[in-house]
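The structure under discussion appears below in the form of structure tokens.
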Number of protein chains: 2
Amino acid sequence: MPRASRKATIYDIARLSGASASTVSAALGESWRERRISEATVEAIRSIAAAEGYSANMQARGLRKARSGLVGMVIPLHDNRFFSSMSQSFESFARERGLVPVIASSMREPGEERRIVETLITYAVDYMFIAGATDPDAVSAMCNAANLRHVFVDLPGRGAPSVVSDNYKGAADLTRRLLTDRPISGGTCRDRLYFIGGDPGDYASARRIEAFRDALTEAGSPPGPGQVIACGYAPRSAMREIAALCDRLGGLPAGILVNSLTAFEGVLGHLSGLPLEDLRSSVIGCYDYDPFAAYLQFPVHMVRQDAHGLIREAYRIIDQNTNDLVLRTVEPQQIAPRTFYDRPFSDHG
Amino acid sequence: MPRASRKATIYDIARLSGASASTVSAALGESWRERRISEATVEAIRSIAAAEGYSANMQARGLRKARSGLVGMVIPLHDNRFFSSMSQSFESFARERGLVPVIASSMREPGEERRIVETLITYAVDYMFIAGATDPDAVSAMCNAANLRHVFVDLPGRGAPSVVSDNYKGAADLTRRLLTDRPISGGTCRDRLYFIGGDPGDYASARRIEAFRDALTEAGSPPGPGQVIACGYAPRSAMREIAALCDRLGGLPAGILVNSLTAFEGVLGHLSGLPLEDLRSSVIGCYDYDPFAAYLQFPVHMVRQDAHGLIREAYRIIDQNTNDLVLRTVEPQQIAPRTFYDRPFSDHG
DNA sequence: ATGAAAGCGCTAACAA
DNA sequence: TTGTTAGCGCTTTCAT
């Protein structure tokens, strides 16, 4: 081990090996073949470098080559099943390409989102992924000014290619499923399905709500004004809204489509105060998947989004160097309930 | 907007403002006061920079200042409640300090872990956090060679300060809770508690197993050889093991302490095939917390680790510039079940 | 109060 | 086959 004072540079290796810095640089990189450095020197240099614990300084290399080797991604938050599995995929695809991923979370705040994009530009990321963008136009403007290839994931932008879940199909299928499974009682308003959670201002929620409406209409019962309760993502507000709804209706509606796991947490907070019997008069669906939610006391129909597929497609777009403004769509997957009322605990999906 | 061709540099701003590059650099940074640049020039330069959409190049700045402004963290995986909430905290503490977080996942593979640490060193991170280290000594060696302050989180290392959960206390408390709540039948081997999941080679599991043994011993029934089934983290193997155990015992044991959520997923896969009645003869505990797991059909005692607290302490160690090898401990939290047998669905914890 | 110049570590012409 | 040189964009003496 050399003295732990300062990291070795190519100049140290050059001195130690008797070669020049540029020869060392080439020998340590890929370019030694075309520079026709002899294998002997390459070997010698590499062994010295290894002995000295040399590793390149990417700041210097990036500065010189005008490529940092970094890929940035903005996500709304880390602490979330959907986004954290996007992170996982983002990282493994980045590695495949020899890139180093930098992931930052915006907490869905446009200001924070812009600040992050700014920071990533400052670090000269080579490409940028923006998942769940809250202000895609601003982001595109910044990236374009910095001449930076970028792609939107999950929520689309108009200034760059985008990959989104097929929210319409996912929600339409789920709605139809709930319509089929819903227990019918007798022509009251409690026979209706309700949509709860999400933000109608965001693209994904809007598409799902649209699908919900269309599926109901297609089934002959177009939704009334109160049937879509887009109360955001917080468990609290979902809990409050479902409670208020049950008050109004005098009990649970025939079916509930919950827009997100977080909202579902709130809904569950309310349902858990009810006798299990009451739940039999209702069918529950949730857009997004959680393995434990699948094992609750009542059946839950879920939709699992293909985070891996979204990221794969996004990289595919980045890989091909064109800049056409495509909007690619990835299918989500319907997940059948794992618990049923009439088998003791459950059956395996 | 200037032409989107190349990013503006201080030289561009210098030319445009008639000042020199060094003046621009000072004016745009913090050092203009001590360099006694007039407020007028500072204002002028800043407005030009803003108009040109200038932003500093951190590669160049880092190269010159020998500080990148990056903090690295290695975690086992993103797609996990515990680690993703560590990421969230890691990021927000980093921001507080004006640092940019870079998080990479090792999949618990020592080789991958080393490669990541190497990469982060290459990018000249200013500090490094290693969560769930699989080869802490190797990591410390690399960091020391690069003269890099680092801290271990969740699993300790001998080469650097560490912050860990109080796994012993968490598991001991949970075991005692299960002992108290366990349904007593009649002196058979099915009255025993079983520990399932985890890797006895990793520090956290080892401490929990130790606590489990001690708590049983203290209660007068030291565990037999088969009572600790450390079968790893995969749902599959936990499912297989719990099934085999029930076969051996002729039914569920009086209590099960599951070592992780992933193992719990497997255990649940087995339990879900049983009549709910059977579960009444058993009490279930899980080390780690999931909000949906709290709402299952049977009560689950859980332990929630304080990811935020772990990261907070780790930063505290980094903040104070000493290098003493402390091992700091953070208390986990016991979470009582939210569902009970004798109230219809549940009661709110 | 400001400018000139050197240099952080690396790579890519261009020489030899 | 290898060495010399310039320069990526920035900060920091050292001069003025």
Side-chain angles (χ1 to χ4, degrees), chain A residues 5-46 49 52-70 121-126 146-147, chain B residues 5-46 49 52-70 121-126 146-147:
Chain A
S5 54
R6 222 173 39 86
K7 286 223 63 186
T9 71
I10 47 171
Y11 291 101
D12 297 321
I13 311 298
R15 195 169 21 77
L16 259 40
S17 67
S20 74
S22 64
T23 302
V24 171
S25 170
L28 259 25
E30 304 288 85
S31 67
W32 64 273
R33 285 213 81 84
E34 52 184 85
R35 288 212 47 193
R36 294 187 299 191
I37 313 263
S38 75
E39 300 215 16
T41 21
V42 169
E43 276 319 301
I45 288 173
R46 292 200 166 173
E52 293 296 305
Y54 171 83
S55 67
N57 179 329
M58 290 307 274
Q59 308 195 90
R61 185 202 296 251
L63 185 56
R64 179 61 234 242
K65 305 224 298 184
R67 284 189 98 264
S68 64
L70 301 172
I121 287 176
T122 266
Y123 277 91
V125 295
D126 295 331
N147 214 354
Chain B
S5 53
R6 222 174 38 85
K7 283 224 64 185
T9 74
I10 47 170
Y11 291 101
D12 297 321
I13 312 298
R15 194 167 25 74
L16 260 40
S17 68
S20 75
S22 62
T23 302
V24 171
S25 169
L28 259 25
E30 304 288 84
S31 67
W32 65 273
R33 285 216 81 85
E34 53 184 84
R35 290 212 50 195
R36 293 186 300 191
I37 312 263
S38 73
E39 300 215 16
T41 19
V42 169
E43 276 320 300
I45 288 173
R46 293 200 165 171
E52 293 298 304
Y54 171 83
S55 67
N57 179 330
M58 290 307 274
Q59 309 198 89
R61 186 204 296 255
L63 184 56
R64 178 62 231 245
K65 305 224 297 183
R67 285 188 98 264
S68 64
L70 301 172
I121 287 175
T122 266
Y123 277 93
V125 295
D126 295 331
N147 212 355

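Just the heavy atoms: all of them, side chains too, but no hydrogens, waters or symmetry mates, feed the values below. Below, read A as the first sequence line, B as the second, and so on, with proteins coming before strands; counting in each chain starts at 1. Since we're looking at a predicted model, the values are computed, not measured.
- Judged by distance alone, the side chain of A:Ser68 and the main-chain N or O of A:Ala124 form a donor-acceptor pair under 3.5 Å.
- Residue pairs meeting the side-chain hydrogen bond (donor to acceptor under 3.5 Å, both in side chains) criterion with at least one member in residues 13-30 of chain B, sequence neighbours excluded, are B:Asp12-B:Arg15, B:Ser20-B:Ser22, B:Ser20-B:Thr23.
- Read 5' to 3', the first and last nucleotides of DNA chain C with an atom closer than 4.0 Å to a heavy atom of chain B are C:dA1 to C:dG9.
- Taking 4.5 Å as the limit, every side-chain heavy atom of A:Ile45 sits out of range of all side-chain heavy atoms of A:Trp32.
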Self-check item: Per-nucleotide protein contact string for nucleotides 9-16 of chain D (B base, S sugar-phosphate only, - none; heavy atom under 4.0 Å)
Solution: BBBB----
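- The CD atom of B:Gln59 lies 8.0 Å from the OH atom of B:Tyr123; values are rounded to the nearest 0.5 Å.
- Judged by distance alone, with hydrogens and angles left aside, the side-chain atoms of B:Arg46 form a donor-acceptor pair with the main-chain N or O of B:Ala27 at under 3.5 Å.
- Using a 4.5 Å heavy-atom cutoff, the side chains of B:Tyr11 and B:Val24 are not in contact.
- A 4.5 Å side-chain heavy-atom check between A:Leu16 and A:Glu52 finds at least one atom pair inside the cut-off.
- In this structure, A:Asn57 and B:Leu63 have side chains that are in contact, with non-hydrogen atoms separated by less than 4.5 Å.
- B:Ala66 comes within 4.0 angstrom of no nucleic acid atom, judged by non-hydrogen atoms across all strands.
- D:dT2 atom P lies 15 Å from atom CD of A:Glu34, rounded to whole Å.
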